[in-house]
Amino acid sequence: MVNRIQLILIIILTISLLIRLVSLSTPAFNIEEARISARGHQLIQTGKDELGRQYPLVFNSHTDYKLPLTSYFSALGIGLFGKNDFGARIGFILLGTLFIYLTFLLSKKLGFNSQVSLFSALVVSLSPSLLFFSKIPNEVLLMAVFSTAMMIWVPITKKKFLLPLVVLMIGALLINKFLWFVLPALILVSLYSSSQLKTRNGGLFLIGVLILTGAILVSFLSIPQSWRSLAENNIPLLATDPLTNGVNALRGEGLLSGWPNLIEKVLFNKAAVIPIGLLNWVSTFNLANFFGPIPFWPLAFLIPLALGLVHLIRKESLKLKNIGLLTLALTLPILFTYPHLPSELLFLLLPIGSVIIAVGISALPRKILIIILAAGMLEFLINHLIILTDNRIDHYQRPTWINQTIADIKTLQYPNKVFVSENLTEDTQPFLNWYGDIPTPDQQVDHPYRYFVTDFGQVKFIDTRKFLPDCNKFGTIRSHFLSSEDYNQNRDRDKADIVKTYYDSKGEPRAYWVHVRCQINQ
Amino acid sequence: MGPCPVSNKSMNKTLLILIVITLVGLFLRVYKIDQYPVHLGHDEITQLYDAISIAQTGRDIYGNFLPTIFVSVNDFKPPFYTYATVIAYWIFGNSEILIRIPGVLFGTLIIPAVYFFTQQLLKRKDIALLAAVLTAIAPFEIFYSRKSFENGAGLFLLMVGFTFLFKFLETKKLRWLNSGIILLIAAMYTYFSHAVIIPLLFISFLVLFRHQFPKMKKYLWTVLLAVIVVIPLLAIIILNTDSLNRTSAVFVSQDTLLGETLSKIHSPNPVLIFVLKKYIFLTYIAQRYLNQFDPFYLFGNGLNLTNQVFLAQGILIFAQLPFLLLGIFYLIKAKDLLANRLFIVSWILIGAIPSGITFESHSPHRILMVFVMFNILTAVGFAQFYQWLRLIKVHYLFKLAAYSAVAGLFILNLLTFVHLYTVNFSYQRSQDIMYPFKSVAQFAAIQRNNFDQIVFDPLFGEAAPVIGTGAHYYIGYYGNIAPSEFQTIYRFGDREREVLLGKYSIRKIDWLQDLDQPNTLFIGSQWSIPIKDVAAEKIIKVIYYYDGQPAFYAVSTKNAK
């Protein structure tokens, strides 16, 4: 029999799912999302990734090595529902809905009553960020789902849950490198909070986690440039060149001004990474991070967030301690990420933050509660409108017009070559793969770390910032696809006739298909 | 957190300690005041020259009689600091450091003011003393006290004003209420944002402490007094278009990023555009407001003393951070003085508004009152730490080690600040305070009789070109042009951004066009003059940045002998 709480929860989940299914093709994919989708399609079709590798465990992008789970998860959706927006997004839509339920469970696990837990689910369901990440293929949502699940199910209460938990943990370790740091800490904290750290099973479990994480880390380190990948993307604070330069500059100026060398060495040295790392970590909790352009929660929830914290400090010190420890574990890698605050790690705090807001909401007088919830829902709808209407979207990062452009490139690529501006988008390759089914040629390198392909056989990416290429050099050139920036800067513009202009949803020209008049060939 | 009983002997001891703390604070504010900062910034030189002009002629350098808003460099400065400098001029006579005297004075007086305010607010002498110590050594207090900043005076009056209001609640004597209100209104005159903030804060005070106000009929006189004192201010703000210009010039709507974001909003439906624009505007302001509490800004790099990504100086001392958090935690946990604790919250929330709604992402000078409260909260944290350490049963050596570690960390942090402020700030950021415009102006003055015209282009910069601010003030003050003469010779010229002062022309140098100007001295940076194409004998002087790199070249077009 379904009780009132369960009924409301089911209503929240159903509405959330339906909202996510509205206007399925927005937001438009950025390069990473197109890459994940195209890769998923290729994996399900051929068992190979875009570089021709059979079921690899590490993928590549133009920014970093990527762990495999997100791509394989994407392959699942595309395998079931085909190569289309629905297939690429449905898995993440379902995960986004599941996440709401997980937040409800987490609240229960933290010891809050059903009312607070229901409010937690409601609060997280009104998260514009969650809505956004639920509609696109991405690893951020997967990270959050897995880490929340770990918070709920560790420590295990029954032996039959051990195997699913181990599978869950292995899955988590194959989503994103940050989780290699987060998960052991999360499990340590969970075991400590439940007083199981000193038990035999607890100890063994922790050792198992450490061994597993260590094994994955060691395997990763056997890949070329893996250390560079970690240093640049996960622990940039320890890649100390800027720090060394800064120390030398400050010390040098001090010595020139007559300060003793010893004092210079005491004041400015590499130990500065400690306060910098700590400050970076504390800066995680700058509320501006959570109420940015696509906010974690509606602004109206700022008041219950503050109230919830006050309530926890004043009356629920044990729960506060548990929440604090979990928060510490989830954000631990930020100690090493200065000058960045990785958004994927911030997003892991969404369920805990939602629980705190729910605590605040529960403490509100009824009338104010209704006003704040109504304001929150209104804000959520406005944010939904912003996402649906492509407002606030950077048309370079997330091109809404690229689909049509790629379709034309695909039509034109035979028998003649097609030339495309290098800067048509940040990296057009994934769009060619996803929208045009134009495969990336074999790169002859197993692990190219960051790669950027410019030659697709019939389609070539070239620099056309100032001049269109000489016809003699390339033979019979017919079609060029120029970015609006290249078109506007090009001194050879009179050599080209515009065949078609591609506009973004705001009506601004973003790309041009031009025919180049080649005197020799005429 | 109950009040401590205070004996006379203890009171004298406390006052003695407070005097010592204040003297230490004074020392930190006046020591080598003529050297650090290494140069008068444009805010300083403009107010100094205008103050001298007022003192000598009753008009600012543009000829406005006793202005209530100073045009200055089109930033429409509030009048308080300039008129305070006029008084200093009458007492001490003309000198460069004159402009820094009111800043140092109010920056020092704030130390005892914080003590008495905290004593009234939290009813704890020990916390009040600790707050005074932190105020004396706080980097932002020292930084702004030494750079002639008008908000210091406002802050002092604000603290004393509210101290009097608390005293009124304690004694129920109307004179405290009247004096407090007068001081608060005086504080509103010192800085534009105070005119908004102080009424809001006063309202929150009235609401929070409404039950402690005695019922009296004499409030009518207080209200009447307040209205009389505030009317001129309202007249200045509402009737003077310059002050409205100032307000709109610094409002967040001037932010280019916000403008760009809003311009991207599109929809065939005008109602939707309206709703989205309003919402995005609101969220933008909210985010900026929340960003004022970014810990990296507060403890890492807020004072902007260096160009380093990693090593910089925060508004507060890094070692304060755990104690600040402890203080906040304790005040949330505490059970007494609810209204007082809520007043602290409203002080912080209201105090951060000006910085949150202006066009700069961070304006520390607009939010000083919040930083002062952070020092007070840190003092609460210290007191709690001390109490905790006193009660804990561990070996005394452990306690000694804990105290030593805290003291050591503070000393290290303060020494780092002193280094960054006295050494690295000069090397890396002195360009921001128009270094070396003083040398340029002094050199131009020496050459005044040798040329028909002296052209100065204030476009300069080591890394990238920026147009220096207030060049005509530097030329006027360091060129020993009497304000009365300045008022008559100052006019705009026909060339790009040209200001004429007799023989001086401050404008853009267009070298190809200017090359043939006879008997002229051009002073410009590498961004204005193609120095490689200029014959060495034509360069009669090179003026350097603080780090020894060439900043300006003085090129003569006289025929070489």
Side-chain angles (χ1 to χ4, degrees), chain A residues 237 240 242-243 245-247 249-250 252-254 256-259 263-264 266-268 272-273 275-276 278-293 295 299 302 306 309-310 313-314 317 338-339 341 379 382-383 385-386 389-395 504-508, chain B residues 261 263-267 269 272-273 275-280 282-284 286-301 306-312 314 318-319 321 325 328-330 332-335 345 412-413 415-416 418-420 422-424 426-428 546-548:
Chain A
L237 181 60
T240 53
L243 180 62
N245 296 342
V247 165
L250 299 183
E253 288 162 3
L256 281 174
S257 306
W259 282 60
I263 292 186
E264 294 297 330
V266 170
L267 295 184
F268 306 113
V273 295
I276 290 167
L278 280 170
L279 266 183
N280 202 44
W281 179 76
V282 178
S283 297
T284 307
F285 308 103
N286 172 10
L287 289 178
N289 296 331
F290 302 101
F291 293 91
L299 270 178
L302 260 173
L309 273 173
V310 169
I313 291 173
R314 288 178 71 90
S317 53
Y338 186 81
L341 272 176
E379 276 192 69
I382 293 173
N383 274 288
L385 272 176
I386 289 172
T389 52
D390 289 329
N391 275 298
R392 279 203 158 181
I393 283 195
D394 181 328
H395 287 277
D504 63 25
S505 50
K506 197 186 165 191
E508 298 283 333
Chain B
T261 312
S263 73
K264 283 182 186 166
I265 305 298
H266 63 279
S267 168
N269 185 343
L272 185 63
I273 290 186
V275 171
L276 294 186
K277 280 195 172 179
K278 291 291 170 203
Y279 180 71
I280 287 173
L282 177 75
T283 52
Y284 194 86
Q287 200 190 10
R288 171 152 298 180
Y289 176 81
L290 293 172
N291 240 333
Q292 306 309 313
F293 305 104
D294 177 13
F296 216 100
Y297 159 71
L298 291 175
F299 298 95
N301 56 18
T306 70
N307 294 326
Q308 304 300 317
V309 182
F310 287 91
L311 303 149
F318 174 69
L321 175 58
L325 295 175
I328 294 169
F329 185 81
Y330 176 74
I332 293 174
K333 288 261 312 173
K335 290 191 169 62
V345 175
L412 194 68
N413 280 192
L415 203 56
T416 306
V418 171
H419 190 288
L420 290 171
T422 58
V423 176
N424 310 106
S426 310
Y427 273 96
Q428 298 185 23
Y546 191 84
D547 64 4

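Basis for what follows: all heavy atoms, side chains included, without hydrogens, waters or symmetry-related copies. Below, read A as the first sequence line, B as the second, and so on, with proteins coming before strands; counting in each chain starts at 1.
- Looking at B:Phe318, the atoms closer than 4.5 Å to chain A (heavy atoms on both sides) all sit in the side chain, from C-beta outward.
- The structure places CG of B:Asn424 at 5.0 Å from NE2 of B:His419, a figure rounded to the nearest 0.5 Å.
- A distance of 6.0 Å separates CZ of B:Phe296 from CG of A:Asn280, quoted to the nearest 0.5 Å.
- Within the model, atoms CG of B:Leu311 and CZ of A:Phe268 stand 7.0 Å from one another, a figure rounded to the nearest 0.5 Å.
- B:Ile265 contributes atom CD1, which lies 6.5 Å from atom CD1 of A:Ile386 (distance to the nearest 0.5 angstrom).
- Ranking A:Ile276, A:Leu250, A:Val282, A:Leu287 against chain B, the residue ahead of the rest is A:Leu250, based on heavy-atom pairs under 4.5 Å.
- Separating the CZ atom in A:Phe291 from the CG atom in A:Asn286 is a distance of 11.0 Å, to the nearest 0.5 Å.
- Between A:Ile313 and A:Val310, the closest side-chain pair of non-hydrogen atoms is not below 4.5 Å.
- For the atom pair CG (A:Asn383) and OH (B:Tyr279), the distance works out to 4.0 Å, reported to the nearest 0.5 Å.
- More than 12 heavy atoms of other residues, nucleotides or ligands sit less than 6.0 Å from atom NZ of B:Lys333.
- Within the 4.5 angstrom heavy-atom criterion, no atom of A:Phe285 approaches chain B.
- Interface summary for chain A: among B:Leu415, B:Asn413, B:Leu412, the most heavy-atom pairs under 4.5 angstrom belong to B:Leu415.
- Neither the backbone nor the side chain of B:Ser426 comes within less than 4.5 Å of any heavy atom in chain A.
- When heavy atoms are compared at a cutoff of 4.5 Å, A:Glu264 approaches chain B solely by way of its side chain, counted from C-beta outward.
- For B:Leu298, no part lies under 4.5 angstrom from a heavy atom of chain A.
- Nearest heavy-atom pair, B:Leu272 versus B:Ser267, reported as atom, atom and distance to 0.1 Å: CD2-OG, 3.3 Å.
- Neither the backbone nor the side chain of B:Tyr289 comes within less than 4.5 Å of any heavy atom of chain A.
- Ranked by heavy-atom pairs shorter than 4.5 Å toward chain B, the options A:Leu256, A:Leu267, A:Ile382, A:Ile263 are led by A:Leu267.
- Contact annotation for A:Leu278: only side-chain heavy atoms (C-beta onward) come within less than 4.5 Å of a heavy atom of chain B.
- Counting heavy-atom pairs closer than 4.5 Å to chain A, the top-ranked of the candidates B:Gln428, B:Gln292, B:Lys335, B:Arg288 is B:Gln428.
- Within the 4.5 angstrom heavy-atom criterion, atoms from both the backbone and the side chain of B:Gln287 approach chain A.
- Interface summary for chain A: among B:Val275, B:Leu420, B:Thr306, the most heavy-atom pairs under 4.5 angstrom belong to B:Leu420.
- In terms of non-hydrogen atom pairs under 4.5 Å with chain B, the most contact-rich of A:Ser283, A:Ala272, A:Gly258 is A:Ser283.
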